[in-house]
Amino acid sequence: NILAITLPYITAEFPLTDLALGFLSGTSFAIIYATLAMPLAWVADRANRRNVIVGSIALFSAMTVVCGYAANYWQLVIARIFTGVGEAGTSPSVNSIISDLYAPKERAGALATYSAGLNIGLLIAFLGGGWVTQHFGWRNAFLMAGIPGLLLVRAVRGAGADPRRAGHGESDLHRHGDGLRHKLPRLSQPAPADGLCSNPFPEPDRFHPVRHPAFDRRLLDGAAGAQG
């Protein structure tokens, strides 16, 4: 988002067409973000999520700093691409950890707090980035945005171990099987050879779904983005 503020100043230093500006500010980031979001969510469901977050923040912040040292347009584009890689890996792991740390009745509030923090960060980025760009140049605006993230990496590494994943214990479907089994009567077990289902409503303990909250969250985000 710092890039949107600095585009007029970048254009003054690197004479660019509107097509080049559009590719730099939108396409170069969006293609990588959309392509890697699902694979990185898959990784978050199977690897240490804290380490995924640390690596993503480090890459995102480092590439933001690199933007401040870019000597030409294509260096900016490459840094922007790797910024997308870093940002794509952060949100799935964060949402997955929140889902494990908070009970279902508290989860919406925790996710809302996290989302509010993102928007507060945007507010600070736009106000602070605009002020720095105006008084100290667009390169320093990128440095201002990236260096705090590099400092945050150490704090995240020391925040503790990856929380225990809730999906391997008692599932929501197991706890509420009496209600859910009537909604999904024939998806839990194959029909007998004679084609007749002797027990269309199996006991709840026969359900053992594997939850992948990071992947599921990214899938829902992608569906919402497609509708938008």
Side-chain angles (χ1 to χ4, degrees), residues 1-4 7 21-67 74-102 104 107-108 110-126 129 142 145-146 148-150 152-153 156-157 159 162-163 165-168 172 209-228:
N1 294 286
I2 287 291
L3 182 64
L7 281 179
L21 287 176
F23 182 78
L24 173 64
S25 61
T27 307
S28 62
F29 179 90
I31 290 178
I32 296 299
Y33 186 87
T35 302
L36 293 181
M38 297 291 284
L40 288 175
W42 183 89
V43 171
D45 281 322
R46 291 158 177 81
N48 186 299
R49 294 167 296 182
R50 185 202 63 180
N51 292 341
V52 173
I53 293 173
V54 168
S56 298
I57 294 176
L59 180 61
F60 176 87
S61 301
M63 290 300 103
T64 301
V65 171
V66 168
C67 286
W74 288 110
Q75 289 181 6
L76 273 175
V77 169
I78 293 173
R80 181 70 171 163
I81 288 173
F82 281 100
T83 299
V85 175
E87 186 165 337
T90 305
S91 182
S93 294
V94 171
N95 283 285
S96 177
I97 289 177
I98 290 175
S99 297
D100 288 338
L101 290 177
Y102 292 89
R107 203 169 292 157
L111 290 170
T113 302
Y114 168 65
S115 298
L118 294 177
N119 289 288
I120 293 173
L122 289 176
L123 175 64
I124 296 174
F126 280 126
F142 281 105
L150 294 175
L152 181 63
V153 167
V156 175
R157 281 189 60 87
D162 191 5
R165 298 177 187 267
H168 299 294
D172 291 339
V210 178
R211 294 176 61 243
H212 298 298
F215 184 85
D216 295 343
R217 172 72 186 208
R218 184 53 61 193
L219 185 62
L220 290 173
D221 289 345
Q227 291 179 347

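Hydrogens, waters and symmetry mates are skipped; everything else that's a heavy atom, side chains included, is used.
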Does any non-hydrogen side-chain atom of [Y] lie less than 4.5 Å from one of [X]?
X      : Y     : answer
Phe142 : Ile2  : yes
Val153 : Ser61 : no
Leu59  : Thr83 : no
Leu3   : Cys67 : no
Leu40  : Val52 : no
Met38  : Trp42 : no
Ile81  : Met63 : no

Which pair of non-hydrogen atoms, one from [X] and one from [Y], has the smallest distance, and what is that distance?
X     : Y      : value
Thr90 : Ile53  : O-CG1, 4.3 Å
Arg50 : Arg157 : NH1-O, 3.3 Å
Ile57 : Gly149 : CG2-O, 3.5 Å

Just verifying a value: how many Å separate Ser93 OG and Ile98 CD1, rounded to the nearest 0.5 Å?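 One finds 11.0 Å between OG of Ser93 and CD1 of Ile98.
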From Leu123 CG over to Leu118 CG, what is the distance, rounded to the nearest 0.5 angstrom?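 The CG atom of Leu123 sits 13.0 Å away from the CG atom of Leu118.
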Okay, side chain of [X], backbone of [Y]: is any donor-acceptor separation there less than 3.5 Å?
X      : Y      : value
Thr64  : Phe60  : yes
Asn119 : Ser115 : yes
Arg49  : Val94  : no
Ser91  : Glu87  : no
Arg80  : Ser25  : yes

Is the Lys NZ or Arg CZ of Arg107 less than 6.0 Å from the centre of Tyr102's six-membered ring, within 45° of the axis?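 Judged by the rule (NZ or CZ under 6.0 Å from the ring centre, within 45° of its axis), Arg107 is not positioned above Tyr102.
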Could you walk me through whether Ser99 and Asn95 satisfy the side chain to side chain donor-acceptor pair (under 3.5 Å) test, starting with their C-alpha distance in whole Å, then the side-chain angles of each, then the deciding distance to 0.1 Å, before giving a yes or no? CA-CA 6 Å; Ser99 297; Asn95 283 285; over 6 Å; no
Residue Phe23 excluded, over 12 heavy atoms near CZ under 6.0 Å: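 Atom CZ in Phe23 is packed in, count exceeds 12.
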